[in-house]
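In listed order, ligands and their atoms are each counted from 1. Note that the numbering runs from 1 along the sequence shown for the chain.
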Amino acid sequence: MRVVTVLGARPQFIKASVVSAAMLQHEDMHEVVVHTGQHFDANMSDVFFAELGMASPAYHLDIHGGQHGEMTGRMLQGIERVLLDEKPDAMLVYGDTNSTLAGALAAAKLHIPVAHVEAGLRSFNMRMPEEVNRILVDRISSWLFAPTDEGVVQLQREGIDAARIHQVGDVMYDVALHHGERAKRMKVSAVERLGLQNRGYVLVTVHRAENTDDPHRLQAIVDAFIEVGRQLPVVWPLHPRTRGMLAKAGLLSSLERAVRLVEPLGYMEMVQLEQSAAVIATDSGGVQKEAFFHRVPCVTLRDETEWVELVSGGWNRLAPPNNASQVAIAVLEARGRAGDSIQPYGDGHAAAKIVTGLAAL
Ligand code: UDP
């Protein structure tokens with residue numbers, strides 16, 4: 001079975017690391033990886049291939065920047081050409097980015113069945129580009145690999161044939177189990193490298209357009225972490241888009257004085273910082289779950305989340321970044337707050353289940 005996988009963004013490299021490894025174990029599977037180029041900086045792309053033991057992509061389309069339509073359109077063209085040459089039996093895509101949509105759409109038009117990892121997630125906010133991408137990709141997929149029960153129920157609600165829906169658990173849990181222990185055993189920890197104390201800092205990540213591209217929300221986030229920084233060190237690996245928007249808004253220097261801004265980290269260092277944080281504040285989907293995997297309280301800087309089970313389970317709380325003081329209070333109050341004993345993301349074998357599902361074509 002020949003599978004073309006389309007990857008483009010940081011979380012997709014991380015998720016694919018375990019599924020590609022499981023495919024390699026399967027003697028009848030051959031995977032061809034296409035990197036769209038959506039994320040292209042070494043610290044947003046190459047580092048993950050190196051750290052997570054992944055082979056270099058067979059194709060690199062080098063497409064990034066521009067508006068959503070332009071980027072997705074160019075990807076569609078490039079991926080279609082690869083599919084016409086490779087003639088795969090299936091297309092594998094992850095998550096909700098423009099690369100996910102382009103991969104799925106190019107394949108569906110050529111009658112190549114699509115497998116979607118992370119199917120069924122919804123924010124119910126159609127202003128998010130990710131929500132548009134997910135809904136469209138789920139609609140045209142033949143295998144819908146849902147990470148949670150909630151995802152399965154949502155797909156059923158949308159009328160998707162139950163035979164196509166597979167609850168496999170979350171591949172990010174597989175990755176966290178696989179590399180979490182390794183991160184702890186490494187000689188040098190990012191916690192020490194950055195001069196931080198165990199449980200003595202807040203880890204922040206921000207990258208969603210709804211926060212970076214809205215001046216009021218960006219200002220509220222900056223003010224909130226300047227306030228938090230007066231009480232607890234704050235470390236913030238800055239996504240390139242966020243850095244750009246902060247610089248444009250003239251917010252970078254005041255933030256830099258109050259908060260430890262660092263370049264985007266490799267996965268191992270990121271995990272080390274997550275494992276020892278007092279609180280994680282983020283608008284990332286993956287980081288919300290990793291906070292839970294490492295049993296660290298999380299504050300989500302959004303109006304809603306797809307990972308609702310972490311909110312109801314007490315591990316996560318929403319702090320919409322409209323008001324700086326409220327965000328700062330939410331972050332400081334989250335310290336030491338453990339949630340319920342829940343296990344919503346499977347048993348750590350999602351990747352193997354995905355490959356078994358694919359092989360049963
Ligand atoms: N991540 C990383 N280095 C960083 C920030 C995040 O390795 O500096 C990892 C993080 O541990 C998680 C993934 O990137 O596994 C999340 O990706 P991102 O926040 O870009 O996307 P999302 O999960 O929101 O789709």
Heavy-atom closest contact ([X] atom, [Y] atom, distance):
| X | Y | result |
| --- | --- | --- |
| Ala104 | Val93 | N-CG1, 4.0 Å |
| Leu76 | Ala106 | CD2-N, 3.5 Å |
| Val168 | Phe145 | CG1-CD2, 3.8 Å |
| Val175 | Ser17 | CG2-OG, 4.2 Å |

With heavy-atom distances below 4.0 Å as the criterion, list the atoms of ligand 1 near [X].
| X | answer |
| --- | --- |
| Gly266 | 7 (O) |
| Pro264 | 8 (O) |
| Phe48 | 7 (O) |
| Pro237 | 8 (O) |
| Glu274 | 11 (O) |
| Met172 | 12 (C), 15 (O) |
| Ser284 | 16 (C), 18 (P), 19 (O), 22 (P), 23 (O), 24 (O) |
| Gly286 | 22 (P), 23 (O) |

### Message
Against Arg122, only a single residue in Glu130, Glu158, Glu306, Glu150 fulfils salt bridge (charged side-chain N to carboxylate O under 4.0 Å, His left out); can you say which?
### Response
Glu158

### Message
A quick test of your reading: do over 12 heavy atoms of other residues, nucleotides or ligands sit less than 6.0 Å from CZ of Arg139?
### Response
no

### Query
Does atom NE2 of His64 have more than 12 heavy-atom neighbours from other groups under 6.0 Å away?
yes

For [atom], closest protein heavy-atom neighbour:
| atom | answer |
| --- | --- |
| atom 13 (C) of ligand 1 | Ile14 CD1, 3.7 Å |
| atom 1 (N) of ligand 1 | Met270 CG, 3.7 Å |
| atom 4 (C) of ligand 1 | Arg10 NH1, 3.2 Å |
| atom 3 (N) of ligand 1 | Leu265 O, 2.7 Å |
| atom 25 (O) of ligand 1 | Pro11 CG, 3.5 Å |
| atom 15 (O) of ligand 1 | Glu290 OE2, 2.5 Å |

Any heavy atom of [X] sitting closer than 4.0 Å to ligand 1?
| X | value |
| --- | --- |
| His239 | no |
| Arg208 | yes |
| Gln288 | no |

### Query
What do we get for Glu130 next to ligand 1 when only non-hydrogen atoms under 4.0 Å count, side chain, backbone, both or neither?
neither

### Query
Is there at least one pair of N or O atoms, one from Gly285 and one from ligand 1, spaced under 3.5 Å apart?
yes

Does a side-chain N-to-carboxylate-O contact under 4.0 Å join [X] and [Y]?
| X | Y | result |
| --- | --- | --- |
| Glu333 | Arg317 | no |
| Asp303 | Arg217 | yes |
| Glu210 | Arg302 | yes |
| Arg208 | Asp283 | no |

### Query
Do Gln12 and Ser99 meet the criterion of a side-chain donor-acceptor pair at a distance under 3.5 Å?
no

